[in-house]
2 protein chains.
Amino acid sequence: MSQTLDRALQVLEFVGERPRRIGDIATRLDVHHSTALRFLHTLRKHGFVQELPDHSYRLGPTMFRLGYQALEGIELRSVARPAMERLRELTGETVHLGSLEDGSVLYVEKVEANHPVRMHSRIGAVARLHCTGVAKGIVAFLPQADRDELLDGYELVRMTDHTIVDRVAFEEELALSRERGYALDAEENEPGIHCISAPVFSGEGRVVGAFSVTAPTSRVDRQTLLGFAPALVEATRDTSRQLGWQ
Amino acid sequence: MSQTLDRALQVLEFVGERPRRIGDIATRLDVHHSTALRFLHTLRKHGFVQELPDHSYRLGPTMFRLGYQALEGIELRSVARPAMERLRELTGETVHLGSLEDGSVLYVEKVEANHPVRMHSRIGAVARLHCTGVAKGIVAFLPQADRDELLDGYELVRMTDHTIVDRVAFEEELALSRERGYALDAEENEPGIHCISAPVFSGEGRVVGAFSVTAPTSRVDRQTLLGFAPALVEATRDTSRQLGWQ
DNA sequence: CAGGCACGTTGCATGTTACGCACTTTGAGC
DNA sequence: GCTCAAAGTGCGTAACATGCAACGTGCCTG
């Protein structure tokens, strides 16, 4: 392991939260300010950070580019897109694709609803494992050992009045999801937004992603949302088969 | 400057192109494989890379998250969104927002057309300075010195039969854009796709971004596209005024 | 306007740690 | 089972990352 690199990566994460001054970074790393400066200068040379007029630093163009390249490297996106578009046409609602990426679930693709009120783009964002549709649609279908490892030390944080924060209740919810073949986010992550989601499997039979159909409760009641389940499950199966699943 | 960090950042860029093996990375950096291994292990510990089953490495969840955070840190996106949506309603076509980020122009927001044939998502991507609407809409309105610096050593690469690759002709095109108040990408970046774009100015009178209206030539002819210019210019002015421009 | 202060920047000496080497382990293919 | 390529480990040393001291810059206040 490399101590210097360890420190530099901490700088990137710290600067990613909001713009930071050299002194803030030196304090955070517990190093001399000239050391912090050298990190920032090297990071800036490669475009990982950029300096603002007030001498604070925020993430720079290389971070954008690599974030984009990271997404472009996910083949599941292009494989899934046709089925996602068909699902959007059938439901009229926004369809998200979540992908399991080394211990995180990420939103990696979105096909938007044709309605004036749309979902804010969140491609690239991490999905909370316990209260978002796509994450539950993946976690529920992982092998027990993988699920235990993923949830080890994971804290179930209350996001709304409906969030499931009890570990036992959460495990029961996941078991129910497996029985049904799809998962439900019943306003657990965001008030007024609910969704259902189903897993996508690879040729080796491992869950690698999930589709969700997301809508505001003001427009789509729960019964209608649940009525989308057969189309959702069919779309994910189509995609799974394209990945070699059977 | 830090040599260790310099090398590690080269690893991230190299791995961002496509998955890489330890030996490939060692060769690329001209270091011993055990050195490359140590870099990868430190990067993996922080989630900047992830290891695939075949022992190659690609970018990991932290890169996604930081890419997302980088985008979320751009305030222009939220300021611009209402005007972009109005412009989309007026034109019926996809509206992109480009932002000038430390020597690069990036696509940072998109409001999609209501048509079955849509543009593939490219938020986070770098826009080519010489042949994309949003980039031309920014470059044309930079002060001369800034423009010269941005274009210093920049190579005008032919993307289509229409791409302007002659520096003198390109400068004339930019001058024409300034006269008109908007720029045009006439199938210069991608065959069958054209767009117009106009700049957004900050309170200090500096160009900080641009809106573009993008459409396939099969659906929107050039005359119709140019007919969108007044609405486009009005939308960018609205946004500029919100940023304090006058 | 001048002085003080906070912060950014530069150059140097040193000791910490990054590095290459030699060796071992692992996994895939035959 | 054997072979080979690649990943992984531990060690000694010198290269380079680090903190320090000093300097430069810009802003604020009296």
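When reading the values below, keep in mind they use all heavy atoms of this one structure, side chains included, and skip hydrogens, waters and symmetry mates. The sequence lines fix the lettering, A, B, ..., with proteins before strands; numbering per chain opens at 1.
On a pure distance criterion of 3.5 Å, no polar donor-acceptor pair joins the side chain of Thr4(B) and the base of dC16(D).
For the OP1/OP2 pair of dG8(C) and a distance below 4.0 Å, the side-chain nitrogens and oxygens of Arg21(A) include at least one atom meeting the criterion. Of the side-chain N and O atoms in Arg38(A), none sit less than 4.0 angstrom from OP1 or OP2 of dT18(D). Close to dG20(C), at under 4.0 Å from its OP1 or OP2, lies a side-chain N or O of Thr35(B).
Residue contacts shown for Ser34(B) include a base, since a base heavy atom lies under 4.0 Å away. Residue-level contact check: His41(B) touches the backbone only, with heavy atoms under 4.0 Å from sugar-phosphate atoms and none from bases.
Between Leu66(B) and the options Leu9(A), Leu59(A), Leu66(A), Val15(A), a side chain to side chain contact (heavy atoms under 4.5 Å, CB included) holds for only Leu59(A).
The nearest whole Å value for the distance from the CD atom in Glu51(B) to the P atom in dA6(D) is 15 Å. Per the geometry, CE belonging to Met1(B) stands 18 Å off P belonging to dC12(C), to the nearest Å. Between Leu37(A) atom CG and dT9(C) atom P the separation is 5 Å, expressed in whole Å. Between the NE2 atom of His32(A) and the C1' atom of dT16(C) there is a distance of 17 Å, given to the nearest Å. Between the CZ atom of Phe39(A) and the C1' atom of dC16(D) there is a distance of 12 Å, rounded to whole Å. As a whole-Å value, the separation of Asp6(A) CG from dT18(D) P is 11 Å. The distance from atom CG of Leu29(B) to atom C1' of dA18(C) is 14 Å, rounded to the nearest whole Å.
Classification of Asp6(B) and Lys45(A) as a salt-bridged pair holds, one side-chain N sitting under 4.0 Å from a carboxylate O.
The two residues Leu100(A) and Val207(A) have their closest heavy-atom pair at CD2-O, 4.0 Å.
Of the candidate nucleotides dA7(D), dT9(C), dC19(C), dT9(C) has the atom nearest to the side chain of Ile22(A).
Classification of the His130(B)-Phe170(B) ring pair by plane angle, with boundaries at 30° and 60°, yields perpendicular.
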